Structures are given as structure tokens and as C-alpha cells.
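Below is one structure, written out as C-alpha cells, with a few remarks after it.
Counting starts at 1 for both ligands and their atoms, following the listed order. Worth knowing before you read on, the calculation uses all heavy atoms, side chains too, and leaves out hydrogens, waters and symmetry mates. Quick caveat: nothing in here was measured; it's all calculated off a predicted structure.
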Amino acid sequence: MLEVSDLTKKYGKNLAADHIGFTVPDGRIGILLGPNGAGKSTVIKSIAGLLRYKGTIRIQGRDAVSLEAKRRFAYVPELPYMYDALTVREHLEFITRAYGVDAAEEEVQRLLGRFELTDKQDKLGNELSKGMMQKVSICCALITKPEVILLDEPMVGLDPAAIRELKEVILERRADGCTILISTHMLEMVKELWDVTFVMDRGRIVGTYPREAVADEDLEALYFSVTGQENGKDGR
Ligand code: ATP
């Protein structure tokens, strides 16, 4: 379970997250949906421990800043970060050692294969395209067998095959009981995925929509209505 309560983050005078509160239950996929600048990355980075904030964040019942919590979640950043001197294969080896998880060679190869990285595994981090880096970043997150996964705009920069594969992996991990939070500004990217959608706008959560209560086709209209955006135009 992922629990965020009263999360507030300011950049100077700019209130990027304004008393944010939400819960993603065990084995569910939560979506943070909002226009550019709504504060989605700020929330995800706060959960991942990359920002100082006010409020409480609990991962699997533990304070997010604790080592016990950090062991249990994986974070896929909006912009992938690679180590220039490590190969793709070595990135996975490094991360499994750092997390102290066992990953059989067969498992590593299966994951690389799913994201079409098999023939790229001996390439160095700085020899990869942006989309390939994103795929490596996703593989690094998955190989740690996390109980909670945070993905910040994960589909941006991926080709259609990788998007399809990522969606499949996300649904498989949910079936295994993983709790997942995905940020996006593209509703169509998460249509098959969401269990609960939190719409963010100007640093606040302006709507919480559980799948049981809202049909897929109604979510778009709700999104435009609560954010004041209409047909791609900002009507505020
Ligand atoms: P996008 O969909 O464009 O990625 P977002 O919803 O993830 O947007 P954030 O990146 O969280 O939005 O930004 C929220 C607000 O905080 C914006 O007004 C942004 O300008 C501001 N902001 C984000 N990062 C910083 C920073 N490092 N320093 C100052 N202001 C920042």
C-alpha cells in the first residue's frame, strides 16, 4: 500500500504540491493524471525520496524515508539516468547487487528480451538512444522485484512495441500483488491500466475516481471538467 497524506512542497513561493493526500491500495494501479506543471513529478519525486517535503508518506506501512521502505519500491524517473561506463547488462547487475536481490541469468535475459535489449546488452550507457535508456531504466526497476513501483511518464519516448510490453508487465505485476503509481498527462496511455485515478491540477488533487465508480469513457469528460481544460485548450 502507498499512503500519501498532507504532502506539501514549495519551490520558493511556488506551491507545487498543496496538501496532497491519496492512497493506492495493495495490488492496485493508481494514476496521477494532470496537465503539464500540475505537480505530478513533484509528488512522485517526493515519494521516491528525492525532494524535501512536508507531510507523511508511507510505503507498505513504513515511513518512505526508511531503508525498509526504500528496499520495497522502485522508481522509474521521467528522464532516464545511465552510468556512462556501465553496459546495459552491468546496469542490471549493479542494481541487483545494490538491492541484494537474486536474479537468475534466465530472468535477466527474459526481461531484456521483452524490451528488445538482448542485442544491446553489451552497449555502454552513453551509446544508447533515449528510448533504449528508458527501457533499461524500466528493466532496472523490475529486476529488483519491488512491492511498489513508481513510474513517472513511463510511456514517453517508447516505441509502440515497448509501450505494449510495458502495459503487459504492469498488469502482470499487479496480478502478483504489486502496488503501482503512474504519472501521466495522456489519458489514452493508461486506459486499460487504471484502478483509481487522481486528477491533479495546480498542485492539488481535484478529483479521485475509483474504477468501480467511473466508466473509462467518462473519465475524459471528468478530467476536462475538473481541470477547466477543454478539447486541448486551456479554458481557464
Ligand atoms: P509535466 O507533465 O510537465 O511533467 P508535472 O505535473 O510533473 O508536469 P512538476 O514537474 O511537478 O509538474 O512541476 C510542478 C510545478 O513545480 C511547476 O510549476 C514547475 O514549474 C515547478 N517546478 C518543478 N520542478 C522545479 C524545480 N526544480 N525548481 C523550481 N520549480 C520547479
Side-chain angles (χ1 to χ4, degrees), residues 2-24 29-59 64-65 73-82 129-131 133-135 137-138 141 148-159 162-163 166-167 170 179-191 193-209 219-236:
L2 170 64
E3 299 159 280
V4 174
S5 58
D6 218 15
L7 168 63
T8 296
K9 171 69 191 173
K10 272 186 182 176
Y11 295 106
K13 287 187 179 164
N14 183 3
L15 197 51
D18 184 4
H19 298 91
I20 297 284
F22 63 88
T23 297
V24 185
I29 301 173
I31 305 293
L32 269 183
L33 179 68
N36 293 132
K40 307 178 297 294
S41 293
T42 300
V43 171
I44 294 224
K45 283 182 190 163
S46 299
I47 300 169
L50 302 178
L51 297 174
R52 287 178 191 275
Y53 56 85
K54 286 190 180 153
T56 310
I57 302 175
R58 298 183 76 76
I59 292 171
V65 298
F73 78 84
Y75 162 61
V76 179
E78 190 173 11
L79 299 171
Y81 176 80
M82 294 289 106
S129 73
K130 204 165 134 273
M133 288 184 195
Q134 181 71 353
K135 292 179 190 180
S137 181
I138 291 165
V148 175
I149 311 179
L150 311 169
L151 301 118
D152 197 354
E153 300 278 4
M155 276 79 167
V156 173
L158 292 184
D159 58 38
I163 290 175
L166 177 60
K167 287 181 179 177
I170 287 171
T179 304
I180 298 162
L181 181 67
I182 305 170
S183 93
T184 184
H185 57 274
M186 293 183 289
L187 192 51
E188 61 276 17
M189 286 295 177
V190 290
K191 270 194 170 150
L193 300 179
W194 67 286
D195 292 309
V196 53
T197 294
F198 310 102
V199 177
M200 276 196 81
D201 191 28
R202 294 181 257 191
R204 308 181 77 167
I205 293 204
V206 292
T208 296
Y209 305 106
L219 192 58
E220 187 169 31
L222 284 166
Y223 170 80
F224 285 128
S225 131
V226 293
T227 58
Q229 290 192 316
E230 220 166 311
N231 299 326
K233 289 184 184 156
D234 193 333
R236 291 174 287 188

State which residue, out of Leu181, Thr208, Leu7, fulfils the side chain to side chain contact (heavy atoms under 4.5 Å, CB included) condition with Phe22. Leu181
Could you tell me, atom by atom, which parts of ligand 1 come under 4.0 Å of a heavy atom of Glu153? 2 (O)
contact_flag Glu78 ligand 1 heavy-atom lt 4.0 Å: yes
Sub-3.5 Å N/O-N/O distance, Gly37 and ligand 1: yes
Within 4.0 Å of some non-hydrogen atom of Ala38, the atoms of ligand 1 are 5 (P), 6 (O), 12 (O)
Distance-minimising heavy-atom pair for Asp201 and Thr227: OD2-O, 3.5 Å
Please state which protein non-hydrogen atom is closest to atom 20 (O) of ligand 1 and give its distance, to 0.1 Å? Asn14 ND2, 4.1 Å
Of the choices Lys9, Met200, Lys40, Lys10, which has the non-hydrogen atom that lies closest to atom 2 (O) of ligand 1? Lys40
Under 4.0 Å, counting heavy atoms only: does Pro35 come that close to any atom of ligand 1? yes
Would you mind running through ligand 1 and noting each atom that sits below 4.0 Å from a heavy atom of Asn36? 1 (P), 2 (O), 3 (O), 8 (O)
Could you establish whether Lys45 and ligand 1 come within less than 4.0 Å of each other, counting only heavy atoms on the residue side? no
Geometry only, no angles: is Gly39 polar-contacting ligand 1 at N/O separations under 3.5 Å? yes
If you look at every heavy atom in Met186 and Val156, which pair is closest and at what distance? CE-CG2, 4.0 Å
